[in-house]
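Let me begin by presenting the structure, written as structure tokens, before commenting on it.
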Amino acid sequence: MHKMTFKTPLAIAVATASLGLCGVANADTTMEERFAELEARIAAAEQRAEAAERRAELAEQGRGAAPASSAPAAATTDADIEERLARVERQASGEEGFSFNVYARSGLLIGEDGKSAPGGPYLTPAGGNGGAVGRLGNEPDTYSEAILNYRMQFDNGAKARYTTMLAHGTNSSNDWVGDDTNLNVRQVYAEFSDLPSFTGAFENASIWAGKRFDRNNFDIHWLDSDVVFLAGTGGGVYDVQLAENWKTNFSLYGRSFSDYPVVNRENPGLDGENSDTDNLVLTSNNYFGNWQVMVNGMSAVDNDERDIGVGQTAADTGWHTMVAYHGDSFFGMGEGNFKAAVLHGQGLGAEVKGLGSNGDLTDDASTTRLAVYGTTYVAPKWRIAPAILAETSDDRFASGDSYDWATLNVRLANEINQNFEMQYEASYQWMDFKPQGYSDRNAVDGDYMKFTIAPTFKPEVGGFWKRPEIRLFTPIATGMRA
Amino acid sequence: MHKMTFKTPLAIAVATASLGLCGVANADTTMEERFAELEARIAAAEQRAEAAERRAELAEQGRGAAPASSAPAAATTDADIEERLARVERQASGEEGFSFNVYARSGLLIGEDGKSAPGGPYLTPAGGNGGAVGRLGNEPDTYSEAILNYRMQFDNGAKARYTTMLAHGTNSSNDWVGDDTNLNVRQVYAEFSDLPSFTGAFENASIWAGKRFDRNNFDIHWLDSDVVFLAGTGGGVYDVQLAENWKTNFSLYGRSFSDYPVVNRENPGLDGENSDTDNLVLTSNNYFGNWQVMVNGMSAVDNDERDIGVGQTAADTGWHTMVAYHGDSFFGMGEGNFKAAVLHGQGLGAEVKGLGSNGDLTDDASTTRLAVYGTTYVAPKWRIAPAILAETSDDRFASGDSYDWATLNVRLANEINQNFEMQYEASYQWMDFKPQGYSDRNAVDGDYMKFTIAPTFKPEVGGFWKRPEIRLFTPIATGMRA
Amino acid sequence: MHKMTFKTPLAIAVATASLGLCGVANADTTMEERFAELEARIAAAEQRAEAAERRAELAEQGRGAAPASSAPAAATTDADIEERLARVERQASGEEGFSFNVYARSGLLIGEDGKSAPGGPYLTPAGGNGGAVGRLGNEPDTYSEAILNYRMQFDNGAKARYTTMLAHGTNSSNDWVGDDTNLNVRQVYAEFSDLPSFTGAFENASIWAGKRFDRNNFDIHWLDSDVVFLAGTGGGVYDVQLAENWKTNFSLYGRSFSDYPVVNRENPGLDGENSDTDNLVLTSNNYFGNWQVMVNGMSAVDNDERDIGVGQTAADTGWHTMVAYHGDSFFGMGEGNFKAAVLHGQGLGAEVKGLGSNGDLTDDASTTRLAVYGTTYVAPKWRIAPAILAETSDDRFASGDSYDWATLNVRLANEINQNFEMQYEASYQWMDFKPQGYSDRNAVDGDYMKFTIAPTFKPEVGGFWKRPEIRLFTPIATGMRA
């Protein structure tokens with residue numbers, strides 16, 4: 001077995017910004033809360049206005065001097081102001097018209113030699129197969145997403161939302177990077193809800209079409225890894241209520257496989273032409289209380305003609321399933337939350353996270369992945385967030401190959417004052433890869449560990465999800481042993 | 001004559017989204033209406049406030065206990081609230097400050113082989129010369145436009161608007177397409193109106209400069225084809241009132257001809273160098289009631305040195321005219337609307353739709369195009385929209401060539417309930433091309449037809465222009481015979 | 001010495017738009033003013049509401065008929081409306097939530113031959129070393145910046161701002177330029193202020209991280225040249241109050257030097273490999289009243305291995321300093337303002353404007369630059385703005401080289417009416433370059449002059465900073481003599 005040399009790319013302290021201002025869900029929650037508060041105030045205001053009205057009337061009745069017609073008129077004035085104010089509140093909050101969400105991270109990761117250090121959660125050999133390590137002090141790039149929403153409310157009560165997401169990523173620290181800018185429109189879609197003609201099981205359903213990230217994707221934030229990530233172009237329906245405790249969602253997504261080499265049938269062993277196809281993914285997410293059951297089938301016509309190495313046949317179909325639990329406590333042991341998921345896929349489904357994104361899988365490929373994380377306060381001012389991500393797969397890219405890895409990650413935060421906390425992260429990853437010669441890969445059997453301290457500034461501390469934050473960080477020790 | 005083989009690329013049902021949320025004109029109308037409504041309410045509220053004031057005063061006069069100074073003060077309070085509310089309403093509606101418009105379509109077009117099918121309104125051999133066929137169920141790409149406006153109102157009454165449009169198009173279904181993203185800033189311009197020093201014929205005129213789509217462009221939506229499309233970088237003036245029934249507009253647009261081959265004078269027949277020039281388009285649109293008369297002259301210095309084939313001379317000047325009628329009924333036969341236009345151009349003007357966009361035209365090129373469409377309800381819940389687009393041209397790219405084609409398109413929609421309608425589209429196109437060897441093109445004499453059924457969801461049905469919508473579609477039959 | 005031939009590329013009149021709608025500072029000022037005004041009104045409204053309350057109570061006490069509980073309730077209603085209105089005002093003004101700033105210019109510059117003329121403030125041989133000439137009638141490109149901000153206010157009083165800037169530039173007049181579009185995300189950063197735990201010298205400090213233009217950059221608008229421009233990825237702190245009259249700022253910026261050739265040590269004289277490094281810039285800006293003192297140190301590890309020519313060693317460190325005065329009069333002679341700065345740098349600091357942006361400097365490079373400009377009214381309706389930019393440098397790119405140049409620029413504007421002014425600009429530039437063979441450059445000893453008249457439309461005249469504006473322009477004379 002090939003042994004890798006031991007690397008200790010000790011990095012020194014520099015600043016990074018990781019901000020997730022107002023993710024869509026967050027923003028909605030905040031706005032929702034604020035709006036509920038406003039609603040309560042409005043109701044109170046109306047009651048009081050009515051009381052004041054009665055009072056004025058009483059005062060006037062005593063005198064008998066006021067014209068009768070002005071009393072209801074005055075009431076309407078307040079109602080008008082109320083209505084106008086409510087409308088601009090909806091517009092200002094993004095419930096109607098334009099709204100903006102943003103995610104961004106940008107940092108400078110300088111190694112002890114004074115130059116940019118290689119980094120990122122996928123920097124170990126396991127990274128190529130999804131084996132993320134902890135992201136604290138480990139992201140050298142600038143990546144940002146700007147999400148532009150436009151919401152409409154119709155007279156019949158129907159709502160429509162149009163969303164477009166502009167994303168970009170670069171490893172350059174410069175402000176102008178020319179053609180290297182990697183700007184992408186990752187999402188453009190429309191979604192309708194509250195349709196008055198949708199009744200019965202469809203009463204609360206919404207429908208969508210376009211290019212998007214599936215609504216039901218979720219991630220382990222500390223590893224910068226989705227648990228499941230489905231994205232592409234298609235359409236579907238969300239929130240069909242099949243039974244009192246069963247909500248289901250259906251979508252069809254297309255993904256493009258482009259410009260891959262095809263086996264040369266006339267001269268096997270020589271290069272053939274390149275070809276394209278579409279990987280169609282039919283997906284259904286089902287929610288039973290806290291449980292989520294996802295099933296996916298996929299088909300990529302003629303992908304079995306893809307040249308993935310002598311003696312291997314690429315998959316042209318696949319299936320995939322995930323069972324997940326979304327817990328609203330810290331594993332039943334205290335306040336906090338946790339999520340746990342087991343994923344399994346075969347053929348094209350054997351890329352279990354990025355559904356349908358890999359066309360190089362063999363028709364025998366089989367992968368199983370486990371993902372668990374939770375967050376809680378272990379003491380006042382001390383938060384902890386442990387996470388596990390582990391995978392085993394066989395016959396993935398070549399007959400008889402195997403890729404096994406497991407990551408254990410713990411993030412600890414100590415809130416010092418309103419604007420400052422110390423964050424600590426320890427990551428351990430074990431890996432054992434037997435690629436059987438695929439793509440000139442070497443076998444690897446080793447492990448990796450990393451320990452990072454990050455003094456962190458926040459506008460307001462108090463929870464793992466509070467953003468934005470600005471960090472300095474000092475990887476104390478990182479090491480790869482193989 | 002070369003005969004093409006008969007193709008029947010039968011496509012099967014998949015989802016698409018076609019949304020045109022709030023085109024600038026639409027948005028303004030809606031906002032205008034909403035604002036007028038608000039104005040009326042404000043006036044009513046003020047009357048009522050005054051009445052309430054008088055009433056309180058009467059009550060107090062009876063008692064003689066209130067300080068005199070507080071009465072006008074209270075009136076000002078309401079006026080202040082009113083003023084503040086009016087201002088945030090203007091800001092929320094985009095009348096002042098930022099506003100956002102969007103156009104997007106995104107779909108998945110899968111053929112019966114289970115792979116992406118070729119598509120688009122310009123998929124027939126006539127497409128290269130502008131011969132669009134119906135777009136229903138025929139657009140495989142993701143294309144979106146995000147329009148960011150910033151409006152300012154000055155103390156002297158003047159208004160300024162700054163508009164930038166970010167557009168992108170891709171045939172990939174993936175969310176991340178890397179460098180292939182085709183993002184473009186298609187418009188960046190400023191427009192001033194309500195200038196107090198503009199009087200007389202210029203009283204309602206507005207001026208602009210920058211890069212833009214001309215304001216007076218218009219299209220046949222069902223063919224995804226503009227009737228006339230002028231865009232580039234320049235400046236001009238809109239809405240000069242020359243007589244009671246005559247409004248005129250003047251602009252100068254520049255367009256870049258880049259990196260085209262030049263005739264090698266020393267060694268005719270061998271490749272020469274590449275060159276650049278500018279096609280300057282002087283344009284004037286004139287409105288007389290429902291009639292529009294457009295005249296254009298254009299000049300591209302040294303474009304006659306362009307190498308477009310042995311024995312041909314490329315045009316370095318051109319002219320173009322369009323006479324159009326914008327009808328506010330369905331051809332005088334009922335409610336609805338229609339538009340009809342005849343366009344003719346010579347030399348560089350012989351690209352009659354995309355004005356000034358083609359530098360390969362010969363100096364003898366001559367093109368005439370007819371465009372007609374209308375929409376009406378033929379019965380309650382049944383809308384129809386027929387359209388004709390036809391063109392004849394001679395000496396276009398080579399001496400003696402001819403390109404003749406005609407498209408007939410009918411869209412029918414049956415509104416089933418508040419959120420659902422069935423759409424049907426039939427397209428027929430005839431074409432006869434004699435390219436005389438230009439660019440290795442073959443002669444084509446044939447026709448094409450297409451019939452499509454599209455179950456369509458909308459937040460609110462009721463009219464061809466209501467957007468957004470989400471469609472499933474089933475091309476029942478398409479065929480090319482040549 | 002090599003003599004250049006005399007060129008007179010006389011250009012003729014065409015339109016351009018130069019708009020700087022609402023630069024961040026501008027926008028803030030305007031919003032600030034408007035908000036202060038609103039605050040005053042709100043205070044007045046509250047006083048009046050209270051007075052009206054007392055008054056109603058007095059009226060009722062006379063009658064003894066009103067329930068006691070409704071009086072404070074009515075007061076709260078107004079306070080509620082007030083609070084809600086204040087919140088939507090903050091949102092509409094961009095103080096909370098989304099706001100948008102924009103800078104754009106777009107123009108058509110046609111020479112007397114009827115084709116696009118070369119242009120831009122850096123078109124002379126001095127341009128490559130920062131020797132800008134006047135920009136009036138001299139910018140042939142379309143360049144725009146769209147700045148998307150998202151501001152948050154936290155319960156503890158802290159504020160956070162997230163800013164992303166999308167910029168693009170092109171010389172093409174076409175609306176669709178394909179892959180040539182040059183879209184860049186030039187800024188993505190977060191900034192926190194009003195942090196309650198920041199006290200003492202840090203009480204008014206703000207901290208930031210990400211990719212940005214440094215806040216303390218400033219420019220000479222008429223030359224389209226920054227006096228100092230520092231941008232990159234990093235983090236820092238602004239507005240630390242070290243003494244009553246001393247505010248300081250610290251930041252660390254990284255910049256990427258990419259893909260430069262390295263000296264081939266084994267075969268000197270032959271090409272070596274390419275390499276990358278980071279130029280780290282530690283910067284501190286200090287303000288003492290109107291004085292600004294900036295000091296910068298920089299380090300780019302291994303940049304001394306860069307191949308910049310036989311016998312030269314590239315700098316791997318550098319330092320830079322600037323002393324500037326920000327005057328609030330026209331050089332003490334009247335109303336207006338002026339700025340004056342002297343910059344000096346050595347090694348990597350010898351690129352004195354674009355800090356840290358050039359890795360080709362020798363380790364002996366030494367540059368000194370002077371920048372001065374002012375604006376005032378010389379008579380009612382007549383504004384003047386003179387500017388000087390001059391530089392001398394030695395051993396810049398090769399041992400013994402020297403680059404000396406000086407630009408004198410005067411802009412004059414005559415306000416004709418509310419929407420129109422005549423602008424005049426005269427530029428003179430002298431240059432003397434002895435490149436000592438660096439990069440095949442020729443020695444140049446000559447001068448350049450330009451005189452331009454630009455009829456200019458504005459929504460509201462009155463000051464050099466009023467934007468947007470639309471110009472026609474006629475360079476009367478330009479000439480290069482060398």
**Request:** Output the distance between atom CD1 (C:Ile81) and atom CD1 (B:Ile81), rounded to the nearest 0.5 Å.
**Result:** 7.0 Å

**Complete:** Cut-off 4.5 Å, heavy atoms of chain C, and the answer for B:Phe257 is neither

**Request:** Count the heavy atoms belonging to other residues, nucleotides or ligands that lie under 6.0 Å from CZ of B:Phe202, then report whether that count exceeds 12.
**Result:** no

**Prompt:** Is C:Asn419 close to B:Asn156 at the side-chain level, that is, under 4.5 Å between some pair of heavy atoms?
**Reply:** yes

**Prompt:** Quick one: OG1 on B:Thr233 to CG on C:Asn171, what's the gap to the nearest 0.5 Å?
**Reply:** 10.5 Å

**Message:** Is C:Asn174 in contact with chain B via its backbone, its side chain, both, or neither, using a 4.5 Å heavy-atom distance?
**Reply:** both

**Request:** For C:Asp175 and B:Arg212, run salt bridge (charged side-chain N to carboxylate O under 4.0 Å, His left out): C-alpha distance rounded to whole Å, both residues' side-chain angles, the deciding distance at 0.1 Å, then the answer.
**Result:** CA-CA 7 Å; C:Asp175 57 305; B:Arg212 77 175 294 172; over 6 Å; no

**Prompt:** At a heavy-atom separation under 4.5 Å, does C:Thr142 approach chain B through its side chain, its backbone, both, or neither?
**Reply:** side chain

**Prompt:** So do the side chains of B:Asp155 and C:Glu460 get within less than 4.5 Å of each other, counting heavy atoms only?
**Reply:** yes

**Prompt:** Taking the inter-plane angle between the rings of B:Phe198 and C:Phe457 on a 0 to 90° scale, is it parallel (under 30°), tilted (30 to 60°) or perpendicular (over 60°)?
**Reply:** perpendicular

**Interatomic spacing from OH in B:Tyr189 to OG in C:Ser106 - rounded to 0.5 Å** = 12.0 Å

**Heavy-atom side-chain proximity of C:Ser173 to B:Tyr253 below 4.5 angstrom** = no

**Asked** About how many Å separate CZ of B:Phe192 and CD of C:Glu469, when rounded to the nearest 0.5 Å?
**Response** 7.5 Å

**Item:** Distance in Å, B:Thr199 OG1 paired with C:Asn417 CG, rounded so as to fall on 0.5 Å steps
**Value:** 9.0 Å

**Largest heavy-atom contact set with chain C, pairs under 4.5 Å, which of B:Ser258, B:Gly254, B:Ala158, B:Gly356** = B:Gly254

**Request:** Indicate yes or no: at least one non-hydrogen side-chain atom of C:Leu166 is less than 4.5 angstrom from one of B:Leu166.
**Result:** yes

**Asked** Side chains of B:Arg186 and C:Val177: does their closest heavy-atom pair fall under 4.5 Å?
**Response** no

